[in-house]
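Written below as structure tokens is the structure these notes are about.
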Amino acid sequence: MKLMDIAEVAKRSGLPAATLRYYEEKGLIESLGRRGLRRTFDHDVLERLSLIALGQMAGFSLDEIEMMFGSRQRPHVDKALLAAKAEELTRTIRQLGALKNGLDHAASCPAPHHIECPSFQRLMKIAATRIGRSRSRPTRTRRLITSA
């Protein structure tokens, strides 16, 4: 099996070599050795990088993804953790939908200034409440990880 050097992995994955070195330092990927001064990787690293990208798209931090990988070759994800993340994404989608609707309304509101619009004022109150709440308590996902 032909190994890929870090430049080839960077080219195929679209990630800079510095990111690959960082992922290796964190234990997310593993090089198999060196060819001269360049790290070499198995072709399976591309699948692992895809899993990392998928985890990030879903909103998992690199630390959370690292915990899923652990020392195993294949990741192990607690289904309760996935369900919690899906629930979190559902809430985010609802919030973004409401935000979009509020912004659409403010853009076409007949009030002389958007600050005078009752709908826009409600939107601002909701945002202020969410800011205060997000600073005062950890997310459900983080609590699930630390208690596992």
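Numbers here simply count residues along the sequence, with the first being 1.
- Here the CG-CD distance, from L51 to Q56, works out to 11.5 Å after rounding to the nearest 0.5 Å.
- Within the model, atoms CE of M67 and CG of L81 stand 8.0 Å from one another, a figure rounded to the nearest 0.5 Å.
- You'll find the side chain of Y23 stays beyond 4.5 Å of the side chain of I65, heavy atoms only.
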- [ ] With side-chain contact (heavy atoms from CB on, under 4.5 Å) as the test, would you mind laying out the steps for I115 and M124 before giving the verdict?
- [x] CA-CA 9 Å; I115 291 295; M124 288 181 4; 3.9 Å; yes
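- Not a single donor-acceptor pair under 3.5 Å links the side chain of H105 to the backbone N or O of C117.
- Side-chain N or O atoms of T40 include one that pairs as donor or acceptor with a backbone N or O of G33 at under 3.5 Å.
- Across P16 and A10, no two heavy atoms sit closer than the pair C-CB, 4.4 Å.
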**Prompt:** side-chain contact (heavy atoms from CB on, under 4.5 Å) between R91 and R94: does it pass, once the steps are laid out?
**Reply:** CA-CA 5 Å; R91 281 191 307 273; R94 263 192 246 121; 4.2 Å; yes
L20 vs V45, side-chain contact (heavy atoms from CB on, under 4.5 Å): CA-CA, chis, key distance, verdict: CA-CA 10 Å; L20 298 172; V45 75; 6.0 Å; no
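- The cluster map of Ile, Leu, Val, Met, Phe, Trp and Tyr, joined by side-chain heavy atoms under 4.5 Å apart, puts L46 and Y22 in the same cluster.
- Crowding of K26 atom NZ: a count of heavy atoms from other residues, nucleotides or ligands under 6.0 Å exceeding 12.
- Residues A17 and I6 share a closest heavy-atom pair of O-CD1, 3.9 Å.
- Taken from CG in D5 to OG in S31, the straight-line distance is 11.5 Å, to the nearest 0.5 Å.
- Here L103 contributes atom CG and S108 contributes atom OG; the two are 11.0 Å apart, rounded to the nearest 0.5 Å.
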- Please lay out, stage by stage, how R48 and D44 fare under the test salt bridge (charged side-chain N to carboxylate O under 4.0 Å, His left out). CA-CA 7 Å; R48 198 162 177 106; D44 291 346; over 6 Å; no
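- One finds no salt bridge joining R21 and E25 here, because no Lys/Arg side-chain nitrogen approaches an Asp/Glu carboxylate oxygen to under 4.0 Å.
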- Query: Are D42 and M4 close enough, and set up right, to give a side-chain contact (heavy atoms from CB on, under 4.5 Å), and what steps lead you there?
  - Reply: CA-CA 6 Å; D42 189 307; M4 298 183 293; over 6 Å; no
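- Atoms CZ and CG, from F60 and L54 in turn, are 9.0 Å apart once rounded to the nearest 0.5 Å.
- Taking both residues in full, the closest heavy atoms of E30 and F41 are given as O-CD2, 3.5 Å, listed atom of the first, atom of the second, then distance.
- When atom types are taken as modelled, the side chain of T19 and the backbone of L15 share no donor-acceptor pair closer than 3.5 angstrom.
- Rounding to the nearest 0.5 Å gives a distance of 11.0 Å between OG of S50 and CE of M57.
- In terms of heavy atoms, G59 sits closest to K85 at O-NZ, 3.1 Å.
- Residues I29 and L62 share a hydrophobic cluster, clusters being chains of Ile/Leu/Val/Met/Phe/Trp/Tyr side chains in contact below 4.5 Å.
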